Amino acid sequence: MVGLKTHSINLYKELRDDADYPVSYNHGDGGIRLANTAAQMDGYRHFASMAKGMGVEFEILDAAECARRHPLISTDNLLGGLWDDNDGDIDPASLCQALARRARKAGAEIYRNTPVTALTQHKDDSWTVHTAHGDIDCEIVVNACGYRVNEVGAMMGVHHPVTSMEHQYFVTEDIPAIANAGHRMPLLRCPISDYYCRQEKNGLLVGFYEQDCRTWGMDGIDPHFVNALCPDDLDRVTDVLEGAFERMPALTEVGIKTIVNGPITYTIDGAPLVGPIPNKRNAFCIIGLRAGLGEGGGHGWLLAQQIVHGEACYDTWCIDPRRFAGHTNVELTALKAIEDYQNEFRFHFPNEHRPAGRMAKTTPLTPILAAEGAEFTVVNGWERAEFFKPTPDFHVTHGFHFDESFPVVAEEVAAVQNSVGLCEVNGFNRIEITGSDAASFLDRMICGRLPRKAGRVGLAYLLNHHGMLKAEATLANIPASDRGPERIWYGSAAASEFHDMDWLRAHLHADEDVQITSLTNDMTILVVAGPKARDVMQLVSRADWSAAAFPWLSVRECFIGFAPATVMAVSFSGELAYEIHIPNASLYAAYLALLDAGKAHGIRLFGAHAVEAMRLEKGYLHWKAEILTEFDPFETGLERFVQMEKENFIGKESLAERVKAGPSRRLVTLLLDHGSAPAHGGASVIHGGEVVGTVTSGGYGHRINRNIAYAFVKPELAAEGTALRIDVLGHLAPATVTAPALYDPELDRVRG
Ligand SMILES: Cc1cc2nc3c(=O)[nH]c(=O)nc-3n(C[C@H](O)[C@H](O)[C@H](O)COP(=O)(O)OP(=O)(O)OC[C@H]3O[C@@H](n4cnc5c(N)ncnc54)[C@H](O)[C@@H]3O)c2cc1C
């Protein structure tokens, strides 16, 4: 987001300096985000560390410095703030005209007052756009229709998770202190009282995010609502207005000149949807923009790159429309939009999942695990246990430091390390691929080897056409049985449900005998992990579970008690483990059987936080943390999964070119010398006073008792033993490059 905002700013500066059509742009007034809690200040320190990596300097201010830079604010109940030198404001009308003017110059045709009335997609995936003034044939369509996004979405049979919220601001009469200040006032964003303001002539423009907020246009939008506003209703913002008055007493002494109330679009997670429309071909969107002016230049740039090159220069997953799967209907979107509006300036803390729209996707075990004390995290709508509370009133204080769950997670890890644990992994993406061409199709998609032998499992990576990492899949070659024909299961991260399906389907040839079916929502995984895992399996299932009969990286169909299951001998924890895939109808039965069989060994439930801690000790990677479209498999340390001698695979030529050119970055594991906080994703890695890399993941390894971080760093600094520093919440903590696998590197425990 810092990168795309920087692009917007540079573009707007260029438009401002255009002698033929200058845009009114007050760049560099500066902006402050206020804070009144230590945890918020930690967040700002982390943002400053991240921004540094993108070449942008944010400053951390104390309360007195905030007031010095913005003389109208009081320091009551204020700890400090985050200063952004580049903040400013731009005239939206002249910006729009300037962009249109540049587009026309580049050959674009713009038809004003020409509503799109329908969209038709043809067999070759091209489109006809029907308008009130005639049809336009085109290869690619982009839905950029603001608050009418779902009217146009409906024309192609798509619902976008976007809802409009009414938003109000007012503009004051002149304020003498502003007129006499001798400099422009910086912008102000206040999470304490949920308002923002900026200078408008010699007064202020003040906008509010009230708790008693309103969705807009949920039951359809008047076709005549064009360049229009909603009726103003200042009574609604009284709660936040009072806070604004206290922070800025000058507001109580000045009249209001204008009130503006208009619709702004919100999404499920506050970020916009910029990229390919899920399950469609040749269709893109740039929607759900709530800061469409500030960020629009960057979003447009990233979308253009995706359309032209198939991918942008940054990994754009955080704005990818495919990050939400099918559960995001109108009601859920509205609930999350309201919650997000009410918390506009309050960022999410690490592991914070807010209460609106919860329990969207559950399994039969969710209430059972809740009764066992599960604290849930949300993954693509799925409620997944992150750890089990030791007492019903156990509470975690969200922040950037290790929290109260630290010893709880340590105990769960110890149970898995010393005996056996049971964990539900729901939402895991499971795609069944069958047909006589299934193997050759997948062989083309992945850069490594398929598990050719029936009953074998392998990890595989899919590259894009630039040779960069697109997806990661566990491929299981399942022999024909009374449950179905010979088939390959493609398993991947829960968040990738729409993304991976799109990528696979897009590359299927019309003449190939391949069927692709999603089983994601029909089955759930139970993981049994730990040195006693084999004993548990032997007790609960009739097959021979010895290492000789069912070695690491095997798959078989069986029963857990009387529950049908497909079991894979794979491990993300680094302990002996079995991944048991069970139809949801039999999930509870399998769970009871496993718990019963594990009783003798003190089987313990464990959650996603324990898994995260253990995978960091093993050098295992996460999709969209370490596996990014910004890096190739060699840079990511995945060379053992690449077979350059294979005749062909997607991205092979580009990858060969990249290998010749040498790596731009390398993924390394670091041991971090910091006692109270992990390194958070995005933090900058420093060497000799320079930013030399970026953290992707960090956390505590309870089995080795060390603070671990993964980071992409300059290749010349990737050697084991290199001493670096990580900017952890403003503190430059020493960090040493180490071997990727810190626990059981020979895999003795996994093989059991
Ligand atoms: C009160 C208020 C204050 C705001 N303050 C800020 C701010 O300070 N900073 C900031 O960055 N953003 C702010 N915003 C948000 C900003 O205005 C939006 O993010 C931005 O306008 C979104 O741009 P867009 O191009 O996606 O959508 P829009 O600007 O809504 O443009 C969509 C276009 O699509 C056209 N269209 C729709 N349907 C059809 C159809 N069927 N056929 C043809 N054309 C169609 C519309 O006519 C319109 O021209 C504010 C918004 C409001 C209401």
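The figures that follow rest on heavy atoms only: side chains count, while hydrogens, waters and symmetry mates do not. Keep in mind it's a predicted model, so treat the numbers as computed, not measured. Remember, it's 1-based here, ligands and their atoms both numbered in the order they're listed.
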Could you go step by step and tell me if H167 and W216 meet the ring-ring contact (aromatic ring centres under 6.0 Å, His included) rule? CA-CA 10 Å; H167 174 59; W216 182 84; over 10 Å; no
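The atoms of ligand 1 that sit less than 4.0 Å from any heavy atom of Y169 are 1 (C), 3 (C). For ligand 1 and G262, the ligand atoms under 4.0 Å from any heavy atom of the residue are 53 (C).
Between D269 and the options R323, K336, H348, a side chain to side chain donor-acceptor pair (under 3.5 Å) holds for only R323. Residue F345 forms a ring pair (Phe, Tyr, Trp, His ring centres under 6.0 Å) with just one option from Y209, F208, Y195, Y44, and that option is Y209.
In the candidate list R112, R148, H299, R148 is nearest to atom 38 (N) of ligand 1, counting heavy atoms. Nearest to atom 18 (C) of ligand 1 by heavy atom, out of L289, T114, N227, is L289. Relative to atom 31 (O) of ligand 1, the option among S8, P92, A132, A144 with the closest non-hydrogen atom is A144. Between the choices G207, C96, G146, the shortest heavy-atom distance to atom 30 (O) of ligand 1 belongs to G146.
For atom 27 (O) of ligand 1, a protein heavy-atom neighbour is found at a distance under 4.0 Å. Distances from atom 2 (C) of ligand 1 to the protein include at least one heavy-atom value under 4.0 Å. Within 4.0 Å of atom 35 (C) of ligand 1, not a single protein heavy atom is present.
Contacts with ligand 1 closer than 4.0 Å are made by heavy atoms of both the backbone and the side chain of H167. At a heavy-atom distance under 4.0 Å, only side-chain atoms of V152, from C-beta outward, approach ligand 1.
With respect to atom 7 (C) of ligand 1, the closest heavy atom belonging to the protein is L293 CD1, 4.5 Å. Ranking the protein heavy atoms by distance from atom 5 (N) of ligand 1 puts Y196 OH, 4.4 Å first. For atom 20 (C) of ligand 1, the nearest non-hydrogen atom of the protein is G292 CA, 4.0 Å. The protein atom (non-hydrogen) at minimum distance from atom 41 (N) of ligand 1 is V116 O, 3.2 Å. Scanning the protein heavy atoms around atom 44 (N) of ligand 1, the nearest turns out to be C145 SG, 4.3 Å.
Ring centers of F400 and H680: under 6.0 Å apart, within the cut-off.
Judged by distance alone, the side chains of E344 and Y266 do bring a donor and an acceptor atom under 3.5 Å apart. Between the side chains of T128 and D135, not a single donor N or O lies within less than 3.5 Å of an accepting N or O. Neither side chain, D239 nor Q211, offers a donor N or O lying under 3.5 Å from an acceptor on the other. With no hydrogens or angles considered, no side-chain donor-acceptor pair links T316 and D320 at under 3.5 Å. Judged purely by distance below 3.5 Å, without hydrogens or angles, the side chains of Y12 and E14 never pair a donor atom with an acceptor atom.
At least one N or O atom of G294 sits closer than 3.5 Å to an N or O atom of ligand 1. When only interatomic distances are considered, the shortest N/O to N/O separation between P115 and ligand 1 does not fall below 3.5 Å. Considering both main-chain and side-chain atoms, I264 never comes within under 3.5 Å of ligand 1 through any nitrogen or oxygen pair. Residue I286 has no N or O atom closer than 3.5 Å to an N or O atom of ligand 1.
Under a 4.0 Å N-O distance rule, the pair E173/K257 does not qualify as a salt bridge.
Heavy atoms only, all atoms of each residue included: Y341 and Q168 are closest at OH-N, 4.3 Å. For N86 against H27, the heavy-atom pair with the smallest separation is OD1-NE2, 3.0 Å.
At least one heavy atom of R290 sits under 4.0 Å from some atom of ligand 1.
Cation-pi geometry between R69 and W83 is met: under 6.0 angstrom from the ring centre, within 45 degrees of the axis.
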